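Naming convention: chains lettered A, B, ... in sequence-line order (proteins, then strands); numbering from 1 in each chain. As the structure is a prediction and not an experimental result, all values here were calculated from the model.
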Amino acid sequence: MSRQFSEDVSDVGKQYLDVLANDKTRVSDYANALYELGRELGNVLCHKIGHRDENICVACTVEDADFLAKGVIESLNALYSQVYLACFWNQRQQLLFAQQTLSIAPIIRKYREPDVDNARILVIVKSVISGACVVKTNLTYLIQEMNPEVIFVVSPVIHSQAIGKLEQEFPKAISEKFQYVYFAEDSEKLEDGNLVPGIGGSVYQRLGFKDQEDKNRFTPDLVKTRREQLVSEV
Amino acid sequence: MNIHKQIEDLFDLETLRYFEKKQTGGMANQKGSRYEDFFSIMKLAELFFLLMNNRVERDIEIRAQAEAFVDDLVISDKLHSNQHHFQLKNTDNVNWGQGNKTISDDFSKQKQLNDKLGIEVTRTILVCSNQTRVESLNQKLPNAIHEFAKVLFFPEAETLNQLILQHPVFKQTIENICFSHDSDKLQALAIVILGHWSDRKTTVYSAKELLSELQETFPNYLAVTSEMADLLPEVKKVFANIKNFSYFIENGYLSWKYAGGLDSGTIPYPVNSEKFSSFQRAVIAKHPRQFSELEGILL
């Protein structure tokens, strides 16, 4: 096991990382740790973005919406009033061929608030970035719909090779916009793609989802609340 | 008479040795040749488009590292006696050269060999990753090969996603056979083709068989061009009564929108599949009356 902390992590952040890594942590405590880490990451983002009026898009996956992304958005909302949400439901698959195993994560559903397209700053949030397949897919979709000047890739834990893998998926003109905010970098990866200690296994299962299909049938409260408000405004 | 004997008869023993050495080297280099694989995916997608739209009745063979002077990729239409040979170069120092063992000489010998083998139409194509070099090579195309040779640009990319984002021609070619124009589906389809191609590229292969294999695997992300089943009337009725909900079927897949696209998605299997029938049965059984009751079923 090899973990390196980034200079952005606080002692509180380290404690919550330990809560995630501990396989005895209950679902509710695990979810709360993700939320608190989201708030901490959001505070780091506020510091990096600075005190100016900004249009920000926060993009996340369905499993990260109600805790990690919610925490990030709450911290950003303390400084910025225009924070918009994009949420993705990905169907991750490992395709086994004789010569190689390939990963894909197509989007089967997306929630995208109208003002996302006008955001100058894109914040893509993920509970863990290991192979970067999901982040690559969602980011590729977004950059064809909007033209952010800055792209923050934000996660409590990343794999030591994740940044290199992510950047090789994009032309230089896009990857030059990337800035990374993370708390820990792990170099050990299991065959199933989970990092050690990572976030203590698969985020779906730690949050109580049975499997990927169960996760993809779920609609986060964050999406329901924001959607209801937008629909009622029309 | 095998091809080695033909070469010795047509040229000389030294040329035969060169040809044999080229084959050995080609096979050794084949492993991990990303540039060649990505270009082959584009050519396969072009062939799949023709086959899917019944623009060709005949089958076409495609092979990497063929027994040829111009050997990186060979596409053969045997019925029309037509063969295209591609030489791929992702380095900057590409020249036609003069004399033996040059690209120009390989192209010339390939034409002579194909003529001897009775192939009526030969095209030899140099594919290069440097756009400026492509222009220069086109201007300096040697007279001896001018009638059957040309130079094409194809960029070098580290990944298929990067290629889709930076090369509109590649993106358009994948779009032509994909059920959706969304980047995530294009990526997925290109990756699926890469997996199938990597397993078979060094054997002579039928494009039609490769397409059939792909069509029979799930997921494949290919557009469905056969006649489509429509939604069941009961499902249409349920959908029609859900406020702010709309849907459409395109290239064999059902996409939906809620509140003008605030929420949207695509059912990840075609409407003529058994899984889609199960989805329709679930809609009828649960009979959702508003979107919040439908959203968990849209999968």
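Among residues 172-184 of chain A, no residue has any heavy atom closer than 4.5 Å to a heavy atom of chain B. Within residues 117-142 of chain A, the residues having any heavy atom closer than 4.5 Å to a heavy atom of chain B are A/K136, A/T137, A/T140, A/Y141, listed by residue number.
With A/K224 contributing its side chain and B/S292 its backbone, the two residues share no donor-acceptor pair below 3.5 Å.
Taking each heavy atom of A/Q91 and B/P268 in turn, the nearest pair found is OE1-CB, 3.5 Å. Residues B/D199 and A/A98 approach most closely at OD2-N, 3.0 Å, considering heavy atoms. When all heavy atoms are compared, the tightest approach of B/L262 to A/E113 is CD1-CA, 3.8 Å. The two atoms that bring A/E167 and B/Q162 nearest to each other are O-NE2, 4.3 Å, heavy atoms only. Here the closest non-hydrogen pair linking B/D263 and A/R227 is OD2-NH1, 2.7 Å. The two residues A/L95 and B/P219 make their nearest non-hydrogen contact at CD2-CD, 4.2 Å.
Interface check for chain A: of the options B/T266, B/L160, B/L165, B/I164, the most heavy-atom pairs under 4.5 Å are formed by B/L165. Of the listed residues (B/G260, B/S180, B/S198), the one with the most heavy-atom contacts under 4.5 Å to chain A is B/S198.
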Exercise. Tell me, with the steps shown, if B/D182 and A/I107 meet side-chain contact (heavy atoms from CB on, under 4.5 Å).
Key: CA-CA 9 Å; B/D182 288 346; A/I107 298 161; over 6 Å; no

Quiz prompt | side-chain contact (heavy atoms from CB on, under 4.5 Å) evaluation trace for A/R109 with B/S264 | solution = CA-CA 6 Å; A/R109 178 180 170 188; B/S264 62; over 6 Å; no

Practice problem: Take A/E169 and B/T159, measure what side chain to side chain donor-acceptor pair (under 3.5 Å) needs, and give me the verdict at the end. | Solution: CA-CA 6 Å; A/E169 296 287 349; B/T159 59; 3.0 Å; yes

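With a 4.5 Å cut-off on non-hydrogen atoms, B/A188 touches chain A through its backbone and its side chain both.
At a cut-off of 3.5 Å, with distance as the only test, a side-chain donor of A/Q144 or B/S183 sits close to an acceptor on the other residue.
Judged as a side-chain contact (heavy atoms from CB on, under 4.5 Å), and not counting sequence neighbours, the contacts of B/E234 are B/L232, B/I284. Partners of B/K236 by side-chain contact (heavy atoms from CB on, under 4.5 Å), not counting sequence neighbours, listed by chain and number: B/D230, B/L231, B/Y247.
Within the 4.5 Å cutoff, the side chain of B/Y221 has heavy atoms near those of the A/I104 side chain.
To the nearest 0.5 angstrom, A/Y111 atom OH is 11.5 Å from B/E295 atom CD.
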